[in-house]
Each structure stands twice: as C-alpha cells, then as structure tokens.
Amino acid sequence: MPTAFDSPHETVAVIDFETTGMSPSTGGRATEIAAVLVSGGQIVGHYASLMNSGAWVPPFIEQLTGISNAMLERAPRAEHVMREVAAFVGDCPLVAHNAAFDRAFWCAELRRADREAEQRFACTMLLARRLYPESTNHRLGTLAALHRLPDAGRAHRALADAQTTAHLLLTMQRDVMQRYALRAAPHELLMQLQRAPHGRLAECIAGHSTRAASAETPIRQPALGRLP
DNA sequence: TGCCAGGCCCTCTTTAGGGCCTT
C-alpha cells in the first residue's frame, strides 16, 4: 500500500502490562511488560519480559494470565526490566488499550526504577469508541474479532496483547485515512481524535488536512474512560 | 495472602450513581 500511515520516521510504541491488580495505588505491581514498535504502517520490533517485583500473584491472576509465582521467581528484577524497556522505546509516543491503566503502571514502575515517565499516551480504546460506536463493546478481544486481526497468541499475555493492540492501531489508522481521504494518520492526529467531542471527528481531521470530509453524521457517544 | 482503582460519560442527573475497560 503506497499511502503513508504517519509522519516521516514517526515510530510509536504500543505497550501492555500484566499486573497483580488493578492499580499501583492499591499495591498492584507489574508482572510482565511488552512493547511493540510500529512505524510506516507495520510492526518493526518488539520487547517483552516477565519481571520480578517480589509481589505475590493471586490465583485469579495466575489463571487469567498464566503467569505464576514460580515463573516470576526466575524472572529478572522489575527495576532492570523497566530500565531496559524504557531504553527500548526511547522517546517514542506510547499507545495502549485503556491507556489509563497501563500509564499508571508505567509511571509507578519507572519511578521505582529511578526513571522519569515523560511520554504521552494514546488510547486505542478511546479511539475505538469514537471510530466504531457500532461495536457491542470496546474490549480488545471484541475489537480484534470485529476486525479479524491476526492471532497474536494467548490473550492476557503482554506480547500477544501488545501485538493485537498494534494491529488494532494500524487498522484504525487505515480506517481514518480511508474514511477521511487522508494520506497519513500521524500520532498527533490520533491524540486529537481520541479527545474529539461528540460527532466532531471531521473537525479534528480538518485541522490536519484540507482534504477532510465536509460532513459527518453525529454518533451516539458511549461512556468514556479517563483521557490519558 | 485481596474482591481492591481511576476518570469520563450517560442518564430515570445536576446536592448522583452506574457503566465502561484494563489485571
């Protein structure tokens, strides 16, 4: 496909955490992280590692993710992994599905590793709610099935979920370009689209391209998560 | 070994409550 997905040399990193709980503020710790680099409309690299923070994995989480306490005992230390993954993604903008969740762990775990979290996050869930209001829900698995995304392996493992999210991002970039006749769908545009008010996607597009669609049918706005 | 959070949006609202998503 000859069209450009993003600005020249723009690379974004799609990340996904597996954790022991829902929030670092209640003692949740990361157990695994994956980062998938996306550039020029394709996946160009990835990093994935379990991480040992010393935290206990509850049975429910072990059943959900397949990550056991025994596996984490043999894993590298969380601080080491976070420094590695931070170096891997560099200053790339970050993307995650329900980015508020991953952003909280990204910040908390980097802080424990004496690193600053400075990247901006885009959220594929917020984008999907605006682009695909017809979907029954906006869970990653549902969207993957809806768009027949490539099977990345076991769900609720960091690399598989990050790869699925990366494919969802590429699909949304493609859909935005086709729907609004754009030559590119750079990260900055996606950042604005995820915050687009009710039925105002075209106006956001117009700010980025003189070829934006001239009219748009307002859509019912679903409940939205926190903007990262 | 625990039943937890967070913020935005919709609606039978607005001096509030529940759903969405993530592990």
Upstream residue (5' side of DNA chain B) when A:Ser25 and A:Ile61 are each assigned their closest nucleotide |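 Closest to the 5' end, via its nearest nucleotide, is A:Ser25.
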On DNA chain B, check which nucleotide each of A:Met22 and A:Pro58 is closest to and give me the residue with the more 5' one.
->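 The residue closer to the strand's 5' end, by nearest nucleotide, is A:Pro58.
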[atom1] of [X] versus [atom2] of [N]: gap in Å, rounded?
X        : N      : atom1 : atom2 : answer
A:Met125 : B:dC8  : CE    : P     : 12 Å
A:Ile15  : B:dT23 : CD1   : P     : 12 Å
A:Leu64  : B:dT23 : CG    : P     : 7 Å
A:Phe121 : B:dC21 : CZ    : C1'   : 16 Å
A:Phe17  : B:dC21 : CZ    : C1'   : 17 Å
A:Gln63  : B:dG2  : CD    : C1'   : 16 Å
A:Leu50  : B:dT23 : CG    : P     : 15 Å
A:Glu62  : B:dG2  : CD    : P     : 16 Å

So how far is it from A:Leu146 CG to A:Arg139 CZ, rounded to the nearest 0.5 Å?
->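 These two atoms lie 14.0 Å from each other.
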Give, for atom OH of A:Tyr180 and atom CG of A:Leu189, the distance between the pair rounded to the nearest 0.5 Å.
->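 With rounding to 0.5 Å, OH (A:Tyr180) is 9.5 Å from CG (A:Leu189).
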Have a look at A:Thr65 and say if it touches a base, only the backbone sugar-phosphate, or nothing, with a 4.0 Å heavy-atom cut-off.
->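 Result for A:Thr65 = sugar-phosphate.
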Remember a base hit wins even if backbone is also touched, and classify A:Asp16 as base, sugar-phosphate or nothing at under 4.0 Å, heavy atoms.
->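 Result for A:Asp16 = sugar-phosphate.
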Close side-chain approach of A:Leu190 to A:Leu169, heavy-atom, < 4.5 Å | yes
For the [atom1] atoms, the ones on [N] and on [M], what distance do you get once it is rounded to whole angstrom?
N      : M      : atom1 : result
B:dC20 : B:dC12 : P     : 15 Å
B:dT13 : B:dG19 : C1'   : 15 Å
B:dC4  : B:dC21 : C1'   : 16 Å
B:dT23 : B:dG2  : C1'   : 13 Å
B:dC3  : B:dT22 : P     : 23 Å

Could you list the residues that satisfy ring-ring contact (aromatic ring centres under 6.0 Å, His included) with A:His46, not counting sequence neighbours?
->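 A:His46: no ring-ring contact (aromatic ring centres under 6.0 Å, His included) contacts found.
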For DNA chain B, what residues of residues 155-163 of chain A have any heavy atom nearer than 4.0 Å?
->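 Within this stretch, A:His156, A:Asp161 sit under 4.0 Å of the strand.
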Which of the following nucleotides, [options], is nearest to the side chain of [X]?
X       : options               : answer
A:Thr19 : B:dC21, B:dT23, B:dG6 : B:dT23
A:Ser23 : B:dC21, B:dA5, B:dT23 : B:dA5
A:Trp56 : B:dC21, B:dT23, B:dT1 : B:dT1

Apply side-chain contact (heavy atoms from CB on, under 4.5 Å) to A:Pro150 and list each qualifying residue two or more places apart in sequence or on a separate chain.
->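 A:Pro150 satisfies side-chain contact (heavy atoms from CB on, under 4.5 Å) with A:His167 once adjacent residues are dropped.
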Set of side-chain contact (heavy atoms from CB on, under 4.5 Å) partners for A:Arg115, sequence neighbours left out | A:Arg83, A:Leu110
Distance check: side-chain N/O of A:Arg129 vs OP1/OP2 of B:dC21, anything under 4.0 Å?
->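 Indeed, a polar side-chain atom of A:Arg129 lies that close.
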Residue pairs passing the salt bridge (Lys or Arg N to Asp or Glu O under 4.0 Å) test with at least one member in residues 52-76 of chain A, sequence neighbours excluded, are none
Summary of ring pair (Phe, Tyr, Trp, His ring centres under 6.0 Å) pairs that have at least one residue in residues 61-94 of chain A, sequence neighbours excluded |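 Sorted result for residues 61-94 of chain A: A:Tyr47-A:Phe88.
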